[in-house]
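Here the structure comes first, spelled out in structure tokens, and everything after it is commentary.
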Amino acid sequence: MALSTQSYKGARDFYPPDKRLQKYMFGVWRQVCERFGYEEYDAPILEPLEIYLAKTGEEIVNEQTYVFEDRGGRQVVIRPEMTPTVSRMVAAKRQELAYPLRWYSIPNLWRYERPQRGRLREHWQLNVDIFGVVGSVAESEMITLVDAMFKAFNAKPTMYEIRLNSRQLVDYALGTYLGFNKAEALVIGKLIDRKAKMEQTKFIAAVDAACSPKAREAGAVEKLMELLAIDELSELPATLQGQDSVKALETLLQQLKQAGITNIRFDIGLMRGFDYYTDIVFEVFDLHPDNNRSMLGGGRYDGLVGLFGVAPVPTVGFGWGDVTLANFLELHHLLPVLAAETDLYVALVGDIAVAAQQPIATLRKNGLNLAVDLSGRKLGDQLKAADKKGIKYALVIGADELKSQKYKLKDLTTGQEQAVTLDGIAAKLKKPRAA
RNA sequence: GCGGGCGUAGCUCAGUUGGUUAGAGCGUCGGGUUGUGGUUCCGAAGGCCGUGGGUUCAAGUCCCAUCGCUCGCCCCA
């Protein structure tokens, strides 16, 4: 029985062209992060089970993560997300770090579940966090950074939409305003999260079923539906308008719009699950009709660092998966044509491999990435190989060239060819790779 | 964990109401006289029709099971 060549379920092989795309995406992420003063960090892919148990329910950890026992009998998890890890790192050096911390990372993460579109078992996720800032200036910076990333990927404002909400506002609305108790609010919050996927009548029926008679009689279902239909802060009922959370959202929206971000709006139905978020939450939606889904999300989570036994640190952060980004770029035709890292493919004519070493060494010393064809094939076949590898230029070296010190440089995309000196080649090829 | 769809050449697929030696395009390899590819011409290799069982004179085609892929649900960090 032959061995299977398939990669592990839900995980991908990255052949050089795939890796080229990944490097491009990560490169843009890194560039924008660093432009905003964020520093890269990293951590082990394995973590002790406890740091996830503290935050999420045990079921989720057991059913949706890779958990195993190591040889020392310790329960180990392959990290399904980065947030507990980075919180652990901050807590460990809580006293000595220089706040505000601006940190980012692009970890690979694993979750144990059936793969589907946009959701694999292994993926990479950009994580950006700012620690130690209390006011909404942190959210403002974070969303500005997100928007700068979309612009750096050449996305237009019509392709995506930033949606904002406040967990405090939702808590107040479900509790004090609509009169749900905590258990009801939890169930209804989850329903609101799924509302877009449900039919209106089914949604209403489900909310109604989750209501206590008392809340139902007070008209909570109708009031909730009215509330969910609102898409401007100014349309909120007066009792909600007075909330600090609404004022914070107002300030934030105003700031961002003034900064030129127009595709942003308030969305009271935005939940981001019912996990560790404590205040403002945000998501970016793909507006393409074939992929109307959330691409990235984040918000404020002030409580996590404190779980490690130190004073809490206010934090705002988001995560953005490589799969959803790649889907977005593909659907909107934003994938650039990526040239190989190799600048130049050297084709040898005749038995001159030894004699050609000197010019080859000179070109490398001049900073060029070059590959030499070692096959001794016909020239045509060597050029074909260069083209297939995605290399833009080929250089022909034969007895004539060695003698005249002029080499034939061929642009494989245009087919144009010219005779140049070694220095001329380096000068000509130094820059174009970035594009 | 639950449900739908699909497994035929390296890839994308065709294959009639079951009927001889299973096809195409692309790709790969060789050639069109020894220094020019990506366009063209000629040729070749390459398939246990996912796997196992069943029905039948006869199965790529029908039935059952199983594995794999895929889309969705649940869940969402």
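Chain naming here is simple, since letters A, B, ... match the order of the sequence lines and numbering starts at 1 in each. Predicted model, so just to flag it, every value in this text is computed and none were measured. Values below: every heavy atom of this structure, side chains too, minus hydrogens, waters and symmetry copies.
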Quick one, give me the B/S/- string for nucleotides 41-52 of chain B, reading 5' to 3', where B means a protein heavy atom under 4.0 Å from the base and S means that only happens at the primed atoms, P, OP1 or OP2.
------------
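Computed from coordinates, the A/Leu348 CG to B/G35 P distance equals 14 Å when rounded to whole Å. With rounding to whole Å, A/Asp193 atom CG is found 9 Å from B/C75 atom P. The distance between atom CD of A/Gln116 and atom P of B/C75, rounded to the nearest whole Å, is 12 Å. In this structure, A/Leu191 places its CG atom 11 Å from P of B/C74, rounding to the nearest Å. We find that CG of A/Leu409 is positioned 16 Å from C1' of B/G35, with the value rounded to whole Å. One interatomic measurement links the two molecules: CZ of A/Arg119 to C1' of B/U70, which rounds to 16 Å at whole-angstrom precision. Rounded to a whole Å, the NZ atom of A/Lys384 is 6 Å from the P atom of B/U28. One can place CZ of A/Arg117 at 10 Å from C1' of B/C71, the figure rounded to the nearest angstrom.
At a cut-off of 3.5 angstrom, counting only N and O atoms as typed in the model, there is no donor on one side facing an acceptor on the other between the side-chain of A/Arg111 and the base of B/C76. For a distance-only test at 3.5 Å, the side chain of A/Arg114 qualifies as a donor-acceptor partner of the base of B/G3. Side-chain atoms of A/Asp387 and base atoms of B/G38 include no donor and acceptor less than 3.5 Å apart.
Here the side chain of A/Thr421 pairs a donor or acceptor atom with the backbone of A/Gly424 at under 3.5 angstrom.
Backbone-only contact: A/Lys388 has heavy atoms under 4.0 Å from sugar-phosphate atoms and none from a base. Residue A/Glu417 is in base contact, counting any heavy-atom pair closer than 4.0 Å across all strands shown. Residue contacts shown for A/Lys9 are limited to sugar-phosphate atoms, with no base heavy atom under 4.0 Å away. Among the protein residues, A/Gly350 comes within range of no part of the nucleic acid, since none of its heavy atoms lies under 4.0 Å from any strand. Within the 4.0 angstrom heavy-atom criterion, no nucleotide atom of any strand lies near A/Gln125. At a threshold of 4.0 angstrom between heavy atoms, the contacts of A/Arg79 with the nucleic acid are absent. No engagement by A/Leu109 is indicated, since no non-hydrogen atom pair under 4.0 Å with the nucleic acid exists.
Within the shown strands, nothing qualifies as a pairing partner of B/G18 under the Watson-Crick or G-U definition with both distances less than 3.5 Å. Checking B/U34 for Watson-Crick or G-U wobble geometry (two distances, each under 3.5 Å) identifies no partner in any strand. Using N1 to N3 plus N6-O4 or O6-N4 for Watson-Crick, or N1-O2 and O6-N3 for G-U wobble, each under 3.5 Å, B/G1 pairs with B/C73. With both pairing distances under 3.5 Å, B/G52 is matched to B/C64 as a Watson-Crick or G-U wobble pair. Of all nucleotides present, none satisfies the Watson-Crick or G-U wobble test against B/A59 with each distance under 3.5 Å. For B/G47, there is no paired nucleotide, since no Watson-Crick or G-U wobble pair has both relevant distances below 3.5 Å. The partner of B/G10 is B/C26, by the rule that a Watson-Crick or G-U pair needs both atom distances under 3.5 Å.
For residues 394-401 of chain A, proximity to RNA chain B is found at A/Val396, A/Asp400, A/Glu401, defined as any non-hydrogen atom under 4.0 angstrom from a strand atom.
Ring centers of A/Trp320 and A/Phe328: at least 6.0 Å apart, outside the cut-off.
At least one side-chain nitrogen or oxygen of A/Lys197 sits closer than 4.0 Å to the OP1 or OP2 atom of B/C74.
Under the 3.5 Å distance criterion, with hydrogens and angles disregarded, no donor-acceptor pair is assigned to the side chains of A/His288 and A/Asn327. Looking at A/Tyr112 and A/Gln64, their side chains never bring a donor and an acceptor atom within 3.5 Å of each other.
The residue among A/Gly10 and A/Arg293 whose nearest nucleotide of RNA chain B is located toward the 5' end is A/Gly10. Along RNA chain B, the nucleotide nearest to A/Thr413 and the one nearest to A/Ser7 differ in position, and the one closer to the 5' end is contacted by A/Thr413.
A/Lys23 is not listed as a side-chain neighbour of A/Arg20, based on a closest heavy-atom distance of 4.5 Å or more. Side-chain atoms of A/Leu164 and A/Leu253, non-hydrogen and from C-beta on, do get closer than 4.5 Å to each other.
Each of A/Asp373, A/Leu402, A/Val349, A/Val372 was scored for a side-chain contact (heavy atoms from CB on, under 4.5 Å) with A/Ile397, with one residue passing: A/Leu402.
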Going through the distances and angles, do A/Tyr38 and A/Glu141 end up as a side-chain hydrogen bond (donor to acceptor under 3.5 Å, both in side chains)?
CA-CA 11 Å; A/Tyr38 286 69; A/Glu141 172 174 306; 2.6 Å; yes
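Residue A/Glu81 has its side chain nearest to B/A77 when only B/A77, B/C76, B/U36 are considered. Nearest to the side-chain atoms of A/Gln6 among the listed nucleotides B/G68, B/A77, B/C74 stands B/G68.
Of all the heavy atoms in A/Asn366 and A/Asp423, the pair that sits closest is ND2-OD1, 3.8 Å.
For A/Lys392 and A/Asp411, the salt-bridge test passes: some basic side-chain N is under 4.0 Å from an acidic carboxylate O.
Cation-pi contact between A/Arg102 and A/Phe36: absent, since separation from the ring centre below 6.0 Å together with deviation from the ring axis within 45° is not met.
Between A/Trp124 and A/Phe26, the ring planes are tilted. Angles from 30° to 60° get that label.
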